[in-house]
Amino acid sequence: MSIAPPETILVDLRRVWCDGATDIRGGPDFRPAALGHPKIYLEIDEHGYVDCGYCDRRFVLRGGPADGVDQAKLRDIASGTDPDHR
């Protein structure tokens, strides 16, 4: 069973950062987490996307190979891992 990431963000640069607290979705009834996770930098590779290893937020390169694809069908790729290694 494939599950889509909880949040997908389209980005224009291959190098992105995530801290898990300040950029988490908002809304009238949503209260952001008091403690997120450490600020980390991620690099999008030739697959066109990368997942945060802490909060599972997915960063997709705009115009890249993963842009416009059903995100539930893509495997999790954390920065520095080889998605073809099993």
Side-chain angles (χ1 to χ4, degrees):
M1 178 169 117
S2 297
I3 299 173
E7 185 176 7
T8 302
I9 300 173
L10 282 175
V11 296
D12 295 315
L13 302 173
R14 289 190 174 270
R15 188 147 171 91
V16 296
W17 62 270
C18 183
D19 72 1
T22 58
D23 291 332
I24 292 178
R25 66 191 177 281
D29 295 324
F30 180 78
R31 293 173 53 175
L35 299 173
H37 60 68
K39 184 175 185 178
I40 60 169
Y41 291 87
L42 304 164
E43 187 79 27
I44 297 174
D45 63 9
E46 68 275 0
H47 296 90
Y49 68 101
V50 68
D51 297 325
C52 174
Y54 287 99
C55 65
D56 293 332
R57 180 182 290 160
R58 177 167 289 168
F59 297 90
V60 177
L61 184 63
R62 192 180 316 272
D67 189 8
V69 176
D70 180 5
Q71 297 298 308
K73 294 184 178 182
L74 299 175
R75 297 175 54 185
D76 288 348
I77 297 180
S79 180
T81 62
D82 179 4
D84 295 324
H85 181 69
R86 294 174 193 211

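A quick note: this is a predicted structure, and the numbers were derived from the prediction, not measured. Position 1 is the first residue of the sequence; numbering continues from there.
How far SG of Cys52 is from CG of Leu42: 6.0 Å, rounded to the nearest 0.5 Å.
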May I have the list of side-chain donor-acceptor pairs in residues 9-16 shorter than 3.5 Å, sequence neighbours left out?
from, atom 1, to, atom 2, distance (Å)
Asp12, OD1, Arg62, NE, 2.8
Arg14, NH1, Ile44, O, 3.2
Arg14, NH1, Asp45, O, 3.0

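Across every non-hydrogen atom of Arg75 and Tyr49, the tightest pair is O-OH, 2.6 Å. Across all their heavy atoms, Cys55 and Cys18 have their closest contact at SG-SG, 3.6 Å.
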Handout entry: Derivation of the side-chain contact (heavy atoms from CB on, under 4.5 Å) call for His47 and Leu74
Key = CA-CA 10 Å; His47 296 90; Leu74 299 175; over 6 Å; no

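Side chain of Gln71 to main chain of Ala66: a donor-acceptor pair is present (N/O by atom type, distance under 3.5 Å, no hydrogens or angles).
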